[in-house]
Amino acid sequence: MAKRVAIVGAGVSGLASIKCCLEEGLEPTCFERSDDLGGLWRFTEHVEEGRASLYKSVVSNSCKEMSCYSDFPFPEDYPNYVPNSQFLEYLKMYANHFNLLKHIQFKTKVCSVTKCSDFTVSGQWEVVTMRDEKQKSAIFDAVMVCTGFLTNPYLPLDSFPGINAFKGQYFHSRQYKHPDIFKDKRVLVIGMGNSGTDIAVEASHLAEKVFLSTTGGGWVISRIFDSGYPWDMVFMTRFQNMLRNSLPTPIVTWLMVRKINNWLNHANYGLVPEERTQLKEFVLNDELPGRIITGKVFIRPSIKEVKENSVMFNNTSKEEPIDIIVFATGYTFAFPFLDESVVKVEDGQASLYKYIFPAHLQKPTLAIIGLIKPLGSMIPTGETQARWAVRVLKGVNKLPPRSVMIEEINARKENKPSWFGLCYCKALQSDYITYIDELLTYINAKPKLFSMLLTDPHLALTVFFGPCSPYQFRLTGPGKWEGARNAIMTQWDRTFKVTKGRVVQESPSPFESFLKLFSFLALLVAIFLILL
């Protein structure tokens, strides 16, 4: 049974891992190489080695009700999409509320994590750390790695002929902090992910001209969905997820594309993805269409050639003068303190059972937390991973036989489509609700909708048809939170508390009351038919 647990990294997953260890009676020690917690969400003016870097204007892509820890809601006066500075404050509130800081050793770099000589019996690890240029070694019963995957910039300069002759400035998006550098410049941003799109939009307010180059295109959506609701509170429901997973992939894809194009016809803006059968990560940007239609951002295809002071795009012979090139080309990840015999990274993924446990280890005492890209928030995903992983490390939950785990890992690597639901075929991609429910099932914490329908029908309907907010993950089982029901039933109140700065009294309509009653009866019939 694990007692002493080493945790690498004090970001969102590291903090959750500390708390989960404490809840299970374990002794966590968290090593954080920087001087403060927060990981990705802590803005600094300079890039720090080994830590994710963000720019000053970063705002969360998942709203506060969907991206909080499952037993710790954001303050109700926070905006629905949270700026990085307030997000960091929230993480500090969480750490203080659950008394986590005393378990973190700051300015401490993990140099190596290696198996002890008796690992096959003890499952223990030797962790070598460095602080103030002094090394220290300690033995731990288990290790949880929470370093994320946004630390090693991917900069494929070989794919851009002539880049070495370019006389302007070029850098990876990891280096970007403020838009001032773009003032009166001609800017090219390569890569249409969230960072690349954000940077292009910011640059367009100061630059002379901005080009956004994309090879594969992307689905751009707004944080503001139908009727002004946060996009993920509408999209991420158990009902909709069940419906999507029950339909053939081509139909689901067609319906989703139709919905997305209702807001912005991607073909007319040169944004439509080349590959439309597989799910491409959404690009959350409220401003891009407006910047394109007003001639502030120009969408272009991939780069054919880079010259001294200009570039040529594919499918055109015209040269465009360029002063600055920003490579928003993504990241690779690695675990430099782990030997490849422990965790090996290949083709943008590691051989991990349920994205957490190396299947080949004789003892399941190493867990990787947060190495996944769900179609949902990372905080509740990493937290749920940690809740299950800690119980495995403790010995309460057991993993299946090694052969079963390896078979599942290999099947995932083959990327075979299921032909139903959305196609999650890219490395690390996962169906958020399905994955979370699977982990919750292992710890007996998945909401029991049928029994809930009999005992608390209002809650059952809200859980099934409403947003799949993290509070649902604390309704039952280990770690049950008494405030979960109230948090679920008041989530819309908190959502609109900060937007209703002006309230207009409306007289109730008899027809509206009738429609609400009819809708409620229809929902009851629908859920009855589903449960039959």
Can you tell me if [X] uses its side chain to pair, donor with acceptor, with the backbone of [Y] under 3.5 Å?
X      : Y      : answer
Gln472 : Val463 : yes
Asn285 : Asn194 : no
Arg387 : Pro478 : yes
Asn80  : Pro230 : no
Arg223 : Asn61  : no
Asp232 : Cys63  : yes
Thr365 : Gly123 : yes
Ser17  : Ala386 : no
Asp339 : Ser341 : yes

### Query
Taking the six-membered ring for Trp, are the ring centroids of Phe74 and Phe87 within less than 6.0 Å of each other?
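Ring-ring flag for Phe74/Phe87: true, centres closer than 6.0 Å.
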### Message
In this structure, is the centre-to-centre distance between the rings of Phe166 and Phe160 below 6.0 Å?
### Response
no
#### Entry: Lys344: partners by salt bridge (charged side-chain N to carboxylate O under 4.0 Å, His left out), with sequence neighbours left out
Glu346
### Query
Residues two or more places apart in sequence or in another chain: which of them pass ring pair (Phe, Tyr, Trp, His ring centres under 6.0 Å) with Phe357?
Trp388
Does the pair [X]/[Y] count as a salt bridge with the N-to-O cut at 4.0 Å?
X      : Y      : answer
Asp35  : Arg42  : yes
Asp141 : Lys3   : no
Asp431 : Arg244 : no

With no hydrogens and no angle check, do the side chains of [X] and [Y] hold a donor and an acceptor under 3.5 Å apart?
X      : Y      : result
Glu126 : Ser137 : yes
Ser70  : Glu383 : yes
Tyr170 : Gln175 : no
Lys177 : Ser53  : yes

### Task
Just grab all the salt bridge (charged side-chain N to carboxylate O under 4.0 Å, His left out) pairs involving residues 8-30, residues at least two apart or on different chains.
Lys19-Glu23, Lys19-Asp71, Glu23-Arg474, Glu24-Arg391, Glu24-Lys394
### Task
Kindly state each residue pair satisfying salt bridge (charged side-chain N to carboxylate O under 4.0 Å, His left out) with at least one member in residues 353-366, sequence neighbours excluded.
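Sorted result for residues 353-366: Lys354-Glu408, Lys354-Glu438.
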### Query
Parallel, tilted or perpendicular for Phe235 and Trp231, by the 30°/60° rule?
tilted
### Task
Measure up the Tyr471 and Trp481 rings against each other and bin them: parallel (under 30°), tilted (30 to 60°), perpendicular (over 60°).
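Ring orientation of Tyr471 relative to Trp481: tilted.
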Show me the side-chain donor-acceptor pairs of residues 93-109 shorter than 3.5 Å, one per line, residues at least two apart or across chains.
{"residue": "Asn96", "atom": "ND2", "partner": "Lys92", "partner atom": "O", "Å": "3.0"}
{"residue": "Thr108", "atom": "OG1", "partner": "Gln105", "partner atom": "O", "Å": "3.4"}
{"residue": "Thr108", "atom": "OG1", "partner": "Phe106", "partner atom": "O", "Å": "3.0"}

### Query
Partners of Tyr176 by side chain to side chain donor-acceptor pair (under 3.5 Å), sequence neighbours excluded?
Glu202
### Message
Looking at Glu407, I want to see if its CD is surrounded by more than 12 non-hydrogen atoms of other residues, nucleotides or ligands under 6.0 Å.
### Response
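For Glu407, atom CD is not crowded (no more than 12 foreign heavy atoms under 6.0 Å).
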### Task
Check whether more than 12 heavy atoms from other residues, nucleotides or ligands sit under 6.0 Å from atom OH of Tyr154, and answer yes or no.
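Counting other residues, nucleotides and ligands, OH of Tyr154 stays at 12 neighbours or fewer.
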## Note on the structure
When every non-hydrogen atom of Met66 is compared with those of Pro380, the smallest separation belongs to O-CG, 3.7 Å
#### Entry: Nearest non-hydrogen partners of Cys468 and Phe473, listed with the distance
SG-CE2, 4.0 Å
### Close side-chain approach of Val143 and Phe337, heavy atoms under 4.5 Å
no
### Message
Is the shortest side-chain heavy-atom distance between Val326 and Phe182 below 4.5 Å?
### Response
yes
